[in-house]
Amino acid sequence: MSHERAPLSAESVLAFSANAIVAVDTEFRVVLWNPAAERMFGWSAEDLVGRPPPIIPDELLAEHHAVLERVRIGGPLSIVSRRQRRDGTLIDLRIDTSCLFDDAGQATGWVSILHTYEDTAGAGGPVQAHMTERARLVRRLTDVVADINADLDLCAVLDRIAHSLTELTGADAGGFVLIEDDRLHLVSLTQLSDHLRGYTAPLESSLFGELLRSGKTVLLATDETRSLDDLIWADLEGLHTIALGVSNVQGRPYGALYALYSRRRVGHLELELLELLAAHAGSALANAMAYQEMVRQRAYEHAVVESSADGIAVLDRAGRVRKWNRSAAELTGCSATDVAGRLPPFPLPVSVDGHIKHRLDNGRWLEILVTDIPATAERVVDFRDITEAKELEEQKDLFLATAGHELRTPITVIQGLAGTLIQRWGRLDEGARRKAVDTIAERARTLAELVENLLLGSHAGNGDLKVNRGPFDPARLLRANALAFEDFSDRHTLRLEVPDGLPEADGDPMATEVIVDHLLENAFKYSPDGGHVVLRAGAHDGQVVITVEDEGIGITPGDEERIFGRFAQGEAGDRRRFGGIGLGLYIVRRLARAQGGDVTAHARERGTRMRFTLQSADASMADSPAETADPQR
């Protein structure tokens, strides 16, 4: 009688094995989950095939990765550890892990056989001893990480990481590389020649590139599986093993930590510590980079605030000054020390939507705006100098009022006399009609002069004044000016002082005539009580110098430059007292400078001296006997 039995198959062995058997591929996805594994952990094969096994506690992931990598290089490994059931409970296990290879010798995955393990020896048993050792290593790692995080300077943090590597993993040397585009940059090292610092290499062909492509967190390379002689790390004599772990910053690979071994062998424990240290290094680098960026941002903001032409202040929730920039001190005359912890020296707008204008005690006008910072309950105050704009605004208002007055007077006279002639032409004799027409013509000329001054002022402000420079005889021009003003006033005496041999001037005679006429008109106008007016000329230092002196009201000290502004006169009341729209001297100076000359004002003991200079047509005449003294002296 024959007793034939069915042959044993791998499937039946796996199905009836008393031990849990789990296999994963190189992507760490379950490819085998036998019935014993289902009974041990509570998940069915249907639940897990094609997915990463959820049995490894988070705190043991680094250990698991280290075991798989060590097995890939060094053969089967048995450890005592813990795994997690579906209900969350932890069980003590002995885990025997081997690497799976194809016919070409390439790793295709891992298989683990898991035995329930009763720690019969109690507190001194293998499981407890293993977990105690892990706790000790974690405490050691915590101390190392605390030391790394004690510094926020990026370079210092990198150096601390490299030095901690040898202490924690027992490596003989090590280093840290950064990813820079498609290359690696060695930025920190320990127990290696310093000339290697700064070395770069292609990422694609490096061990780090291989690690990134594998999707793993640690990689082990030995001289048994590949040549290490062509690597930069071969600088370490006797190098036989390289372990490296990825450091991620904000979820992206930032660099790698290399541990080099030349004397001792590497176990899964060293790989686990390397992975943990690399992960903590990523956190330390993220902190250092964030701090560095914060310092850079603060420096940038400080530079922007300090270089701003606007005054900028930051107030706390009580309205007291916390920050006061350079322009704020310059605008207000109050230093940061003066205002720190105090209310600002000006009022604030009622709301962030508004702004106010305020005049300081020093006469400066400010426009003030505020912005709230809800997160800190602080306020940012921005204030700028609007003194010139305020003065210009006031000058324009006064100009419009004055110009309206000046234009209204001749227009009113012209309208009145024209109406009279229309309505009463036949009843007026020849003399009355002629007198009315003469008055209309005179007022029309006045009106034309006002309009011409307005046009000249506009052209001067736009830089559109055109002059034709060339040599001309200033003596002849001044004599004609003096003759025109000879009968200008019966209360004034005009005296002309022009020396013989006065050199030719280089300029525009028409523009010069306008300038001299205006200076003479002002001399008469601003000396209402009469007196002497002197028109004098001379040559000095290659220039023709023309001065007009009067014995009038003079210039208020400090106004020597202001009177040359648009719409400006000596005193605000001068417009009402003397008339005019405040453009004359502005036009005069622009005409003088367009010819390469200038006009300046000088106070005298009584009255004013206006000094007009032009370049001499022949500078060589400056040393000739015909040169006369500067008429100002």
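A quick note: this is a predicted structure, and the numbers were derived from the prediction, not measured.
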> Can you check whether T116 reaches D92 side chain to side chain, under 4.5 Å on heavy atoms?
Replying inline: no
> Are any side-chain N or O atoms of D172 and backbone N or O atoms of S262, one a donor and one an acceptor, separated by less than 3.5 Å?
Replying inline: yes
>> Can you tell me how far apart NE2 (H115) and CD1 (I95) are? Round to the nearest 0.5 Å.
In response: 9.5 Å
> CG/L77 to CD1/I73 distance, rounded to the nearest 0.5 angstrom?
Replying inline: 13.5 Å
>> E63 vs S81, test: side chain to side chain donor-acceptor pair (under 3.5 Å). Steps then yes/no.
In response: CA-CA 9 Å; E63 178 191 65; S81 189; 2.8 Å; yes
> Where do L212 and L203 land on the side-chain contact (heavy atoms from CB on, under 4.5 Å) test, with the steps shown first?
Replying inline: CA-CA 10 Å; L212 293 179; L203 172 63; 4.3 Å; yes
> In terms of side-chain geometry, is the basic nitrogen of D181 or R183 positioned less than 4.0 Å from the acidic oxygen of its partner?
Replying inline: no
>> For a quick check under 3.5 Å, do T217 and E275 share a side-chain donor-acceptor pair by atom type?
In response: yes
> Quick one: do E204 and R213 make a salt bridge, cutoff under 4.0 Å?
Replying inline: yes
> Are the charged groups of D316 and R322 less than 4.0 angstrom apart, N to O?
Replying inline: no
> Quick one: does Y199's side chain get under 4.5 Å of L189's, heavy atoms only?
Replying inline: no
> Would a 4.5 Å heavy-atom cut-off, applied to side chains only, mark L220 and R70 as touching?
Replying inline: yes
>> Return the CG to CZ distance between L366 and R359, rounded to the nearest 0.5 Å.
In response: 11.0 Å
> Is R86 salt-bridged to D47, going by a charged N under 4.0 Å from an acidic O?
Replying inline: yes
>> To the nearest 0.5 Å, what is the distance between OG on S247 and CG on L277?
In response: 7.5 Å
> Run the side chain to side chain donor-acceptor pair (under 3.5 Å) check on T371 and R379 step by step: do they pass?
Replying inline: CA-CA 6 Å; T371 302; R379 306 190 91 183; over 6 Å; no
> Would K216 and E210 count as a salt bridge (Lys or Arg N to Asp or Glu O under 4.0 Å) if you check the C-alpha gap in whole Å, the side-chain angles of each, and the deciding distance to 0.1 Å?
Replying inline: CA-CA 10 Å; K216 298 183 292 185; E210 180 181 335; over 6 Å; no
> Taking only residues two or more places apart in sequence or in another chain, which ones pass ring-ring contact (aromatic ring centres under 6.0 Å, His included) with F41?
Replying inline: W33
> Between R384 and D382, is a salt bridge (Lys or Arg N to Asp or Glu O under 4.0 Å) present by the stated rule, with each step listed?
Replying inline: CA-CA 7 Å; R384 63 199 60 164; D382 182 283; 3.1 Å; yes
>> To the closest 0.5 Å, what do you measure between CZ (R72) and CD (E69)?
In response: 4.0 Å
> Have T89 and D87 got a donor and an acceptor in their side chains that come within less than 3.5 Å?
Replying inline: yes
> Does a side chain donor of either D310 or S308 reach within less than 3.5 Å of an acceptor in the other side chain?
Replying inline: no
>> Within the 4.5 Å heavy-atom criterion, are L192 and L236 side-chain neighbours or not?
In response: yes
> Centroid-to-centroid, W365 to F346, below 6.0 Å?
Replying inline: no
> When rounded to the nearest 0.5 angstrom, what distance separates CG in L90 from CD in Q84?
Replying inline: 5.5 Å
> Can you list the steps and then say if T108 with D102 is a side chain to side chain donor-acceptor pair (under 3.5 Å)?
Replying inline: CA-CA 6 Å; T108 58; D102 59 18; over 6 Å; no
